[in-house]
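Encoded as structure tokens, the structure appears first; notes follow it.
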Amino acid sequence: MLITLPVSELTPGMYVDSVTKQHEGINSIKIKTSGLVRDKSIIKRLVSEGVLELLIDFTKGDAPVPAKYKPQSAPKTSNSQKKVEKTPIAISIEQEFAKATVNYDQHGRKLQSLYGDLTSGLSVNIKVLDEIASEIVSSVFRNANAMTILTRIKDKHSYNWRHMINCAIFTAVFAKYLGYEKAVVQELAMGALLHDLGQAKLPQGIFSKPTKLSNNELAAIKKHVAQGLGLVKGEKGITPLMLDMIVNHHERLDGSGYPRGLQAEKLSRPARIMAIVDVYDAMTADRMHQEGDEPINALRYLLANKHLFDGELVQRFIKCLGVHPVGTIVKLTNERLALVLEGNVLNPIKPKIKLFYNAKHNHHVTPKDIDLSEHTQELKILASVKPLDYQINLSRLLKEHLLN
């Protein structure tokens, strides 16, 4: 159970997930690590450093949930669930996909315009970003698969703002899966939207270069962290959690990251989540200098590098997205291709799919929905495939099969 508490109610035995509010008068950014509050000296230090509010994970700590939160939080939870469950259970992926498609395109145009403004020297429009984050989170809470499927459509010419949108989507989906309340999911999604904003202040020729970047160019790109911080620090609505995600998304557990080479004990959970999401989307997206890899390979990379990424979070990220994430085209044991529509948390290799193509004779077939987890189902996934290998336009395919 995750509950936001004022620092005055923090007691030894509680497990701090992250800092959610910090005194604005603090000049330097205090990045808080998650961990167990062992004694009162830790609480005193947090107070002295201007911490006002924290997110407490009562499933990890030794302290019980304060009595005052039990009767008050229960009705709030049930009310919010009614709001969420009123539509999400009833809303199919097809229903939400129609709205998500329109919103995704609108988000892209707004971010492209905002990105251009920043490149020209204008200040950041936080209100626009907040609206985009809010719409993404609302969509994810109605049906997490619709927006996620759209992240599979690639366009190397619009990578910068697509990466911002995609990271916000993946972060919202993952945070919801981890059990964060909607307000915190919104904050995390906003942090994801902002994390690479500083790239707009760098020479744009670096990002459009079709060949591998030089060491000097890579060094220049690393400055986007400080540039991003400069763009948003002090802006109304920007929280310590968001700043944490901006500053630390390139840090790694073993201290090999940048800009400060922080190690595991100094990296918060939001920063660890952002690192995973950032690398996953960057690896699977098409960019000017590289073709996107398949999701399963990106997940394998994250899993194989436990010295860089939080192993527990990576495992949960894989369970959340599935071995073959929604929107992926897979080849089956019967020489057919299918589109993954819904993951399976209990058995990630057996998602719900829509069969649509005969790979042996290269032609479309009558679509058929299949749940690979059914006991009578003998079909299995052999591998994921790239749409272009079969001359399949993924954007058109999605619209044909998901738009009513």
Side-chain angles (χ1 to χ4, degrees), residues 1-2 17 57 59-60 77 80-81 84-85 87-97 100 136-152 166-182 184-185 188-189 192 269 272-273 276-277 279-281 284 294-303 306 309-330 332 338-355 369-384 402:
M1 179 185 289
L2 292 159
D17 180 274
D57 189 342
T59 64
K60 292 186 177 181
T77 302
S80 63
Q81 282 179 345
V84 173
E85 291 173 0
T87 46
I89 289 180
I91 283 192
S92 66
I93 187 171
E94 289 84 0
Q95 288 173 302
E96 182 59 27
F97 184 78
I136 286 172
V137 171
S138 294
S139 178
V140 165
F141 271 77
R142 287 192 297 268
N143 187 303
N145 295 318
M147 273 279 184
T148 310
I149 277 183
L150 291 168
T151 65
R152 296 296 302 138
N166 291 353
C167 283
I169 293 169
F170 287 128
T171 300
V173 169
F174 191 30
K176 178 176 179 285
Y177 171 83
L178 290 173
Y180 286 98
E181 59 187 60
K182 193 172 182 180
V184 181
V185 175
L188 288 162
R269 202 182 195 204
R272 295 173 187 223
I273 290 171
I276 291 167
V277 167
V279 168
Y280 174 78
D281 185 67
T284 55
E294 286 304 295
I296 193 169
N297 294 328
L299 295 173
R300 281 173 179 156
Y301 171 80
L302 291 167
L303 199 57
K306 290 184 174 64
F309 308 99
D310 187 309
E312 181 194 352
L313 281 174
V314 170
Q315 289 276 9
R316 297 180 79 174
F317 186 63
I318 293 171
K319 285 184 177 179
C320 170
L321 290 189
V323 175
H324 303 284
V326 293
T328 304
I329 294 178
V330 293
L332 307 174
L339 178 70
V340 178
L341 292 181
E342 186 179 329
N344 184 339
V345 175
L346 296 177
N347 195 341
I349 63 170
K350 293 186 176 183
K352 290 182 181 178
I353 60 173
K354 186 182 284 285
L355 187 151
D369 289 325
I370 299 172
D371 185 347
L372 293 177
S373 67
E374 289 180 353
H375 297 300
T376 56
Q377 187 52 250
E378 295 181 357
L379 283 176
K380 293 180 181 178
I381 294 175
L382 289 176
S384 58
L402 294 178

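What's counted below: heavy atoms across the whole structure, side chains too, no hydrogens, waters or symmetry copies.
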CA sep, side-chain torsions, deciding dist, call: T284, E294, side-chain hydrogen bond (donor to acceptor under 3.5 Å, both in side chains): CA-CA 6 Å; T284 55; E294 286 304 295; over 6 Å; no
When you compare the side chain of I349 with that of K380, does any pair of heavy atoms fall below 4.5 Å? no
Closest non-hydrogen atom pair between A168 and A189, with its separation: CB-O, 3.7 Å
Working to the nearest 0.5 angstrom, can you tell me the gap between N166 CG and T171 OG1? 10.5 Å
Pairwise distance CZ(F170) to OG1(T148) - rounded to 0.5 angstrom: 6.5 Å
Do L178 and L313 have side chains that get closer than 4.5 Å, going by heavy atoms? yes
Counting distance only, does the side-chain N/O of Q377 pair as donor-acceptor with the main-chain N or O of L379 below 3.5 Å? yes
L341 and I353, any side-chain heavy atoms less than 4.5 Å apart: no
Could you check whether any side-chain heavy atom of F309 comes within less than 4.5 Å of a side-chain heavy atom of R272, counting everything from C-beta outward? no
Mind checking the CD-CE spacing from E96 to M147? Nearest 0.5 Å is all I need. 7.0 Å
So N143 and F97, do their side chains get closer than 4.5 Å, heavy atoms only? no
Closest heavy-atom pair, Y180 versus V185, reported as atoms and distance to 0.1 Å, is O-CG2, 3.6 Å
Of the non-hydrogen atoms in L150 and A100, which two are nearest, and what is the gap between them? CD1-O, 3.4 Å
OG1 of T328 to CG of L339: how many Å apart, nearest 0.5 Å? 8.0 Å
Would you verify whether the NZ or CZ of K319 falls within 45 degrees of the ring axis of Y177 while also being under 6.0 Å from that six-membered ring's centre? no
Please find the pair of heavy atoms, one from G322 and one from L299, that lie closest to each other, and give the distance. O-CD1, 3.5 Å
With rounding to the nearest 0.5 Å, note down the distance linking CD1 in I381 to NE2 in H324. 4.5 Å
Considering non-hydrogen atoms only, spot the tightest contact between G311 and K306 and give its length. CA-CG, 4.4 Å
Rounded to the nearest 0.5 Å, what's the gap from CG on L372 to CD on E378? Could you check? 12.0 Å
Do Y280 and F317 have ring centres separated by under 6.0 Å? yes
Hey, does S373 have a side-chain heavy atom less than 4.5 Å from the side chain of K352? no
Without swapping roles, check the side chain of N344 against the backbone of K350 for a donor-acceptor pair under 3.5 Å. yes
Is there side-chain contact between K354 and I370, with heavy atoms separated by less than 4.5 Å? no
Using every non-hydrogen atom in the two residues, find where D310 and I276 come nearest and quote the distance to one decimal. O-CD1, 4.1 Å
What I'd like to find out is whether the side chain of C320 reaches to under 4.5 Å of the side chain of V173, using heavy atoms alone. yes
